[in-house]
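Let me begin by presenting the structure, written as structure tokens, before commenting on it.
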Amino acid sequence: VCKWTKRPFHVHFGLHNLQPCRGSLTHSFFKRPPFMKLVFTEHKSHPHLRLGVKFADWERPGVNGNSLGIFFWVYSDHGKPDPQEIFLRNEATCIGRITTLFDSVTTLARLCPGREHQAVFGHLCINRLILRREGRIAVIVTDESGARHHLGTITFSENLFDEGLSKLYTGLRPILITSLGRSGSTVLANSLGQHPEVAQIGDYPFEYRFFSYCLDAIYVLTSPANHDFSMGGDAFEIRESFKIGFNPFNHRGYDRLIGNDRLRTFYEGKFARETARFLMAMASDAIALAAAEKQRAVAFVEKVAGIHLANLAENLCADLREIVLVREFWSMVLSMIAFDRKRGTASFFSGDPDSWLIAMAFQYSFILQRSRLEGKILVDYDDLMLDPRARLTKLAHELGLSADDKSVEAMLVPFTANNKYREAHSTHTQSKEECRRLFSDAGIEAVEHFLRPHVDGSADFMATWPGEMDNSLRRLGINA
């Protein structure tokens, strides 16, 4: 116990030297060293814009509970820059966006001494729960002309959490299916749901995704305050009465108001931990109730649309299995177009054709990358459709499920020629010539050039960052 403050503090021995926490608003004299390892690499992909990074949450360290605080500053030797925004992308997800940049000389003098009159800065905190144990974050800066530039990469590892927040058991084992649209996720989920050991709640067109709903609630409720995604701490019930938003009280402004950071420590620690545990427990109970009649069920299957939610589930769930379902790119694109035409909707295809195509290529490169991660189960759409019996038998083994004849026959039901599911969901895919009518030759050529190394697995994902392709397309006259 500290003899001055009369408060307890913990001393950690072993792997790290003790460091005094100078400038902290807490009463602790020592802080536990952060788990996360972070390395920033600058990329000089712009003629004169440069980027700097500092891992800190103002007076606090960068890593606090489930939060990661980062300063960014953009500077130029050709006068003060005027970037429109800075955004961060991890895999397919934009995990942070700074749309207001500041030019406070006092702060910049501490961040980039000697360049305080040539720079602007921004700060944000990221919810670490949506990041995998290791990976990379691309830092993209949009310049004054609207062109995007990949100016830096943050490489992280050992993104770990305390035992109370990670590896929760959900009763029935979660099987998540990650894919892009029109890749067979609905039929695969339906097929797995026919297995006597797997529960599927609901069915097309009324899919029941309560587990994903709870994951999303965890993400929103435990995320630090963000200018674009928080509702404000003084008028949230009036301005947006049906939107919760990121926790507006988990913000430095409230630290300064009350004189310490104890509440933020609570939000990033106990609050995040107990919120995640409660919502996971409720999801588990709901799924158990829905699957009660399936006596042999040991797992449940659910589609998940957001890769960030799949990452969150990976961090929280002890026995998660994830299937990454991939379809050949042009076949998927044509199926999306056919789906919308059949129903008269714009569920997939909308806006400028070339811009839409490029966006799909970006997304496709991410799903290919994810399919090659350790521990993921890759299912190729064509393999599944050409020989469903063989692929489903193999998949049952990969998931640790029974692969006897009766179980496999049950899984084959959605693939039979005559069933209402097939009639409602299938489309007559257009020929590839349809692409030539919809998209420009330059757009098709650029997409094929971009995807080729991703398909064969030779791409260095960050070296072929989509922002570079986007800028090259601008030179071709395509605004992506």
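Keep in mind the model is a prediction, meaning the values are calculated, not measured.
When all heavy atoms of L320 and A310 are compared, the closest pair comes out as CD2-O, 4.3 Å. For the pair G69 and C125, the tightest heavy-atom approach, listed with the atom from each and the gap, is CA-SG, 3.9 Å. Taking each heavy atom of L373 and E91 in turn, the nearest pair found is CD1-OE1, 4.3 Å. Between A92 and I307 the shortest heavy-atom distance is CB-CD1, 3.9 Å. Considering all non-hydrogen atoms of both residues, I130 and N311 come closest at O-ND2, 3.1 Å. Listed here is the closest heavy atom pair of V301 and G193: CG1-N, 4.1 Å.
Taking the six-membered ring for Trp and thresholds of 30 and 60 degrees, F211 and F300 have ring planes more than 60 degrees apart, a perpendicular arrangement. Classified by interplanar angle (parallel below 30°, tilted 30° to 60°, perpendicular above 60°), the ring pair H308/Y219 is perpendicular. Relative orientation of the F229 and F246 rings is tilted, given thresholds of 30° and 60° on the angle between their planes. In this structure, F249 and Y267 have tilted ring planes: the angle between them lies in the 30° to 60° band.
The line from CZ of R148 to CD1 of I86 is 15.0 Å long, rounded to the nearest 0.5 Å. The line from CZ of R327 to OG of S179 is 10.5 Å long, rounded to the nearest 0.5 Å. Between atom CH2 of residue W58 and atom CZ of residue R256 there is a gap of 7.5 Å, rounded to the nearest 0.5 Å. Atoms CZ and CE, on R182 and M360 in that order, are 12.0 Å from each other to the nearest 0.5 Å. Taking CD1 of I126 as the reference point, atom CD1 of I95 lies at 4.0 Å (rounded to 0.5 Å). Atom OH in Y213 sits 13.0 Å away from atom CG in L309 (nearest 0.5 Å).
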>> Evaluate W73 against L108 for side-chain contact (heavy atoms from CB on, under 4.5 Å), listing each step before the verdict.
In response: CA-CA 8 Å; W73 61 93; L108 286 166; 4.3 Å; yes
>> Let's go through L51 and F40 carefully: what are the C-alpha distance in whole Å and the side-chain angles of both, what is the deciding distance for side-chain contact (heavy atoms from CB on, under 4.5 Å) to 0.1 Å, and is it a yes or a no?
In response: CA-CA 10 Å; L51 179 72; F40 172 69; 3.8 Å; yes
> Do R50 and V74 pass the side-chain contact (heavy atoms from CB on, under 4.5 Å) test, and can you show the C-alpha distance, the side-chain angles, and the key distance before you say yes or no?
Replying inline: CA-CA 6 Å; R50 298 293 179 264; V74 181; over 6 Å; no
> Hey, mind stepping through I70 and L38 against side-chain contact (heavy atoms from CB on, under 4.5 Å) and telling me if it holds?
Replying inline: CA-CA 11 Å; I70 315 175; L38 299 150; over 6 Å; no
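Within a 6.0 Å radius of CD1 in I258, other residues, nucleotides and ligands contribute more than 12 heavy atoms. Within 6.0 Å of atom CZ in F55, more than 12 heavy atoms from other residues, nucleotides or ligands are found, so the atom counts as buried in its surroundings. Surrounding OH of Y208 are at most 12 heavy atoms belonging to other residues, nucleotides or ligands under 6.0 Å away. For Y169, the OH atom counts as loosely surrounded, since its 6.0 Å shell holds 12 or fewer non-hydrogen atoms of other residues, nucleotides or ligands. The local environment of CD in E134 is sparse, with at most 12 non-hydrogen atoms from other residues, nucleotides or ligands closer than 6.0 Å.
With a 4.5 Å cut-off on side-chain heavy atoms, D255 and E59 do not count as touching. Using a 4.5 Å cut-off on side-chain heavy atoms (C-beta onward), L279 and L221 make contact. T107 places a side-chain heavy atom less than 4.5 Å from the side chain of F121. A heavy-atom distance below 4.5 Å is not found between the side chains of L151 and I140. At least one side-chain heavy atom of L395 sits under 4.5 Å from a side-chain heavy atom of L188. When side chains are defined from C-beta on, S223 does not count as touching N226, because their heavy atoms never get closer than 4.5 Å. By the 4.5 Å heavy-atom criterion applied to side chains, N64 and T265 are not counted as neighbours. Looking at M36 and F156, their side chains come closer than 4.5 Å, going by heavy atoms from C-beta outward.
Applying the ring pair (Phe, Tyr, Trp, His ring centres under 6.0 Å) test to residues at least two apart or on different chains, none of the pairs has a partner in residues 277-298. Contacts classified as salt bridge (Lys or Arg N to Asp or Glu O under 4.0 Å) and involving residues 288-297 (residues at least two apart or in different chains) are given here: E197-R296.
Applying the side chain to side chain donor-acceptor pair (under 3.5 Å) rule to T222 yields the partners N127; only residues at least two apart in sequence or on another chain are considered. With sequence neighbours left out, the side chain to side chain donor-acceptor pair (under 3.5 Å) criterion links N247 to no other residue. Among residues two or more places apart in sequence or in another chain, the side chain to side chain donor-acceptor pair (under 3.5 Å) test is passed with K80 by none. By the side chain to side chain donor-acceptor pair (under 3.5 Å) test, H46 is found to be paired with no residue, residues two or more places apart in sequence or in another chain being considered.
Looking only at atom types and distance, the side chain of H43 has a donor-acceptor partner in the side chain of T153 under 3.5 Å away. A side-chain donor-acceptor contact under 3.5 Å links H48 and S76. No hydrogens or angles considered: nothing links the side chains of N66 and R128 as a donor-acceptor pair under 3.5 Å.
Under the 4.0 Å criterion applied to side-chain N and carboxylate O atoms, E268 and R60 are assigned as salt-bridge partners. With respect to E207 and K303, a salt bridge is recorded, a charged nitrogen being found less than 4.0 Å from a carboxylate O. With salt bridges taken as basic N to acidic carboxylate O contacts below 4.0 Å, one links R370 and E322. Between D57 and R264 a salt bridge is recorded (basic side-chain N to carboxylate O distance below 4.0 Å). By the 4.0 Å N-to-carboxylate-O rule, R133 lies too far from E374 to be salt-bridged with it.
No donor-acceptor pair closer than 3.5 Å links the side chain of D143 to the backbone N or O of H149. Checking side-chain atoms of S365 against main-chain N and O of F362 turns up a donor-acceptor pair under 3.5 Å. N159 places a side-chain N or O within 3.5 Å of a backbone atom of L131 that can act as its donor or acceptor partner. In this structure a side-chain-to-backbone donor-acceptor pair under 3.5 Å is present from S45 to H150. Judged purely by atom type and a 3.5 angstrom limit, R110 has no side-chain atom pairing as donor or acceptor with the backbone of V105. The backbone N or O of L172 lies less than 3.5 Å from a partner atom in the side chain of T170, making a donor-acceptor pair. Judged by distance alone, the side chain of S350 and the main-chain N or O of A346 form no donor-acceptor pair under 3.5 Å. Distance alone, capped at 3.5 Å, is enough to place a donor-acceptor pair between the S183 side chain and the L180 backbone. Side-chain atoms of E314 do not come within 3.5 Å of backbone N or O of L312 as any donor-acceptor pair.
For an aromatic pair to be called close, the ring centres must be under 6.0 Å apart, and F348 with W356 fails this. Note: F72 and H123 fail the aromatic proximity criterion, with ring centroids not under 6.0 Å apart.
Cation-pi contact between R97 and F87: present, with separation from the ring centre below 6.0 Å and deviation from the ring axis of at most 45°.
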